[in-house]
Student: 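The structure under discussion is supplied below as structure tokens; questions concerning it will follow.
Naming: A, B, ... by sequence-line order, numbering from 1 per chain. No hydrogens, no waters, no symmetry mates; every other heavy atom, side chains included, goes into these values.
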There are 2 protein chains.
Amino acid sequence: MNADIRRPPTGDRPGILDVAALAGVSPATVSRSLRGQSKVAPETRQRVLDAARELSYVASPQASGLASGRTRAVAVVVPFITRWFFSTVVAGVTDVLRESGYDVILYHLGSAADRDRFFERMPLARRVDGILTLSMPLTDEHTLALRALDIPLVSVGSPVPGVPSVRIDEIAAAQTAVNHLIHQGHERIAFIAGVPDDPDFGFVSSELRHHGYRLALEAAGLSIDDNLSVAGPYGLDGGGIAMAQLLSGSVLPTAVFAEYDELAMGALWALRRAGLAVPHQMSVVGIDNHEMSQLMDLTTVAQSPHTQGTTAAHLLLESLASPTSTPPPEVVLPTHLVLRATSAPPFRRTAARKRR
Amino acid sequence: MNADIRRPPTGDRPGILDVAALAGVSPATVSRSLRGQSKVAPETRQRVLDAARELSYVASPQASGLASGRTRAVAVVVPFITRWFFSTVVAGVTDVLRESGYDVILYHLGSAADRDRFFERMPLARRVDGILTLSMPLTDEHTLALRALDIPLVSVGSPVPGVPSVRIDEIAAAQTAVNHLIHQGHERIAFIAGVPDDPDFGFVSSELRHHGYRLALEAAGLSIDDNLSVAGPYGLDGGGIAMAQLLSGSVLPTAVFAEYDELAMGALWALRRAGLAVPHQMSVVGIDNHEMSQLMDLTTVAQSPHTQGTTAAHLLLESLASPTSTPPPEVVLPTHLVLRATSAPPFRRTAARKRR
DNA sequence: ATCATCAATGAAAACGCTTCCACGAAGAAT
DNA sequence: ATTCTTCGTGGAAGCGTTTTCATTGATGAT
């Protein structure tokens, strides 16, 4: 019991020394006890725990991080936190990581400028133990910058070569949606994309879904009309804008496949404005099963962002625990068609003429 | 130029010593130069900057935090990140704070259990320089725990005594919505609340909006029927559930005021299911001007969560800069009625009978 | 010329932990 | 009994910065 030689460090918050003094042990033992680590006599540990609680001691993350080389924090890099998909993924991620005692530092990188500045200054250098990127459109430069950090990285949505990832089969999901329309008898099916006005954003999912759309059409022997593939800005508005573009074409499609539900909803809005009946005159299908989709009776291909979030978090925790597991796991989560009221067989003005 | 005696610290990332060596100065000067601080010769600073860039040196936040006592991080405590309101506030907050070089640590505290655990262990102790709480229903105990931290705190949505806050005038917003209905001639106006199933959650806004609702009715000389105030769970579903409850009452209201748009949308959905025409047979008004409200043509009282986020962030930055400014600022942001298609004068079956 | 002043810089002491290493005391093995 | 482990603990060296204080020329005032 010689630990009470020292006085409390600086007047403020209790330090590990105070706990050590109160428990009558060395700071080393306090540290060990508090982290439920090895070699501490149960009785000693209890004494330390009591002392810590009495002083309501909380170890300085800074100091322990500096000493241990770990930060107990994870960066979550997300382009648009306000989008349903992303906020839901983030919710899943935080729920899992909090359980494991990791803090989540949120990096909201909406614009290309944001991203460039971010990757240039690399504020994560020694700030986090791991990184989770959500559907981030990373340039090679960005990827390199991340790699240089040499810490575990998990990607949700967009595959990054050599990095564990969680995603859905974008192509298959798109095919599911389009096949559904084809089976209903649609032959002129439009595609609506919604991409950030950001020049170099290039959501991977957008391209893949478009690809799935084309594959499905081809497989059904339908011709592909590039005029039927339109894009609007990212988000709700984009759907309306893109739909307006379709509505101003020379020949209307009978169905629209929107690459995600928010676009589909925007499209529904435009159709209502335009006085076209859904699904009678126009079928609309999306991807997501956005929480609003039920309200709008939108036929869609469901995915679960929350599960993607929890899965990604678990993957990251694994990487954190054991540095290298080759090959990097790639989890592909299932999707399924949800039938609702915005899709129906096309209304054929002159059934005879259209049938071939 | 005696600084090259020391070797790089530990093999890994460059440390301040490496930069010092490369620039031929002392670590002290590097530290000063890099933070654009006082007294450094311009030429020297440039040399340091170049060296730092060449090594792509990034100071360890841990170490600098430990040494300086500042973390350059802010905690954002939010109950439901997936709700439009919260995600939008968070977006506003992060956009401002990133500009000032602060990291945002997200604490997602959905359930009472989460909150209790959080406030008990107080993981923010030395982790952040400031805290932003979004519509958190804090018990006195929680508030005390936060106060004990003795770091700047800003509250959005729910007022915490003695703490700077940003909010809207909940009562006035509710009155705006209800007055609108009253002016349209409605006399039986229902109130729909949506509260977490969490026993002790008690959103302050909910109570205040309910109060505004009653005030408006009283001011108009309308009787208050407690059967017309119903509550459902928090979120979209709640609106439908609450509406169903109203629809199963003995006498229907002619209008419904939902305390926020997501509830209103849920109510709209239930009404559609029930076959009641909106606004012909039932008017619906919400609060928020949720991004989906336009799509649903929902009459609502608009508020701007993004502005609330940016405002709160600025308030926090001020507190961070100058410890005490008395009295704590309380910013009340404006709201305004947005007229859309879900509200209209009541359809009177027998106009004579109902008129008094 | 001489001394006080000041700008620019370096040396070194924190900051509050973690963890390696050493050490003594028990118990196990011989 | 004696030596070998193992267990529980303390001492002390970092971890990578910031910051105080001292130092050194140089500048301006007397």
Student: Between A/T311 and A/H314, does any side-chain donor sit less than 3.5 Å from a side-chain acceptor?
Tutor: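 Not at all, the side chains of A/T311 and A/H314 share no donor-acceptor pair under 3.5 Å.
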Student: Between A/D114 and A/R117 (salt bridge meaning N to carboxylate O under 4.0 Å), is one present in this structure?
Tutor: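 Counted as a salt bridge, because a side-chain N and a carboxylate O are separated by less than 4.0 Å.
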Student: N/O contacts under 3.5 Å, protein versus nucleotides 18-23 of chain C?
Tutor:
unit_1, atom_1, unit_2, atom_2, d
C/dT18, OP1, A/R35, NE, 3.3
C/dT18, OP2, A/S31, OG, 2.5
C/dT18, O5', A/S31, OG, 3.4
C/dT19, OP1, A/R70, NH2, 3.4
C/dT19, OP2, A/R35, NH1, 3.2

Student: Check the orientation of A/F118 and A/Y107. Use parallel for under 30°, tilted for 30 to 60°, and perpendicular for over 60°.
Tutor: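 Aromatic pair A/F118/A/Y107 classed tilted.
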Student: Would you say a side-chain N or O of B/T44 is under 4.0 Å from OP1 or OP2 of C/dT9?
Tutor: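 Answer yes for this pair, as a side-chain N or O of B/T44 is under 4.0 Å from OP1 or OP2.
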Student: Take atom CG of B/L55 and atom P of D/dG16, then tell me their distance rounded to the nearest Å.
Tutor: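 In whole Å, D/dG16 P lies 15 Å from B/L55 CG.
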Student: Figure out the CG/C1' separation between A/L66 and D/dG16, and round it to whole Å.
Tutor: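 It works out to 6 Å between those atoms.
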Student: Can you see if the side chain of A/R126 gets near the phosphate of D/dT17 - specifically, an N or O under 4.0 Å from OP1 or OP2?
Tutor: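 Yes, such a contact exists.
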Student: Look up atom OG in A/S165 and atom CG in A/L132, then write down how far apart they are to the nearest 0.5 Å.
Tutor: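 If I round to the nearest 0.5 Å, the distance is 11.0 Å.
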Student: Taking 4.0 Å as the cut-off, does a side-chain nitrogen or oxygen of A/S26 come that near to OP1 or OP2 on D/dG10?
Tutor: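 The answer is yes; a side-chain N or O of A/S26 sits under 4.0 Å from OP1 or OP2.
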Student: Does a side-chain N-to-carboxylate-O contact under 4.0 Å join A/D95 and A/R98?
Tutor: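 Here A/D95 pairs with A/R98 in a salt bridge, since their nearest N and O are under 4.0 Å apart.
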Student: Starting from P on D/dT9, measure out to CG on A/L34 and report it in whole angstrom.
Tutor: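 It is 14 Å, rounded to the nearest whole Å.
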Student: Taking for each residue the nucleotide of DNA chain D bearing the nearest heavy atom, is the 5' side occupied by B/Q62 or by A/P42?
Tutor: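 The residue closer to the strand's 5' end, by nearest nucleotide, is A/P42.
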Student: B/R45 has an atom CZ; how far is it from atom C1' of C/dA8, in whole Å?
Tutor: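 Result: 11 Å.
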Student: Whole-Å distance between C/dC15 P and A/R13 CZ?
Tutor: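 Interatomic distance, CZ of A/R13 to P of C/dC15: 15 Å.
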Student: Could you verify whether a donor N or O on one side chain and an acceptor N or O on the other, from A/T143 and A/R147, lie under 3.5 Å apart?
Tutor: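 Per modelled atom types, A/T143 and A/R147 side chains form no pair under 3.5 Å.
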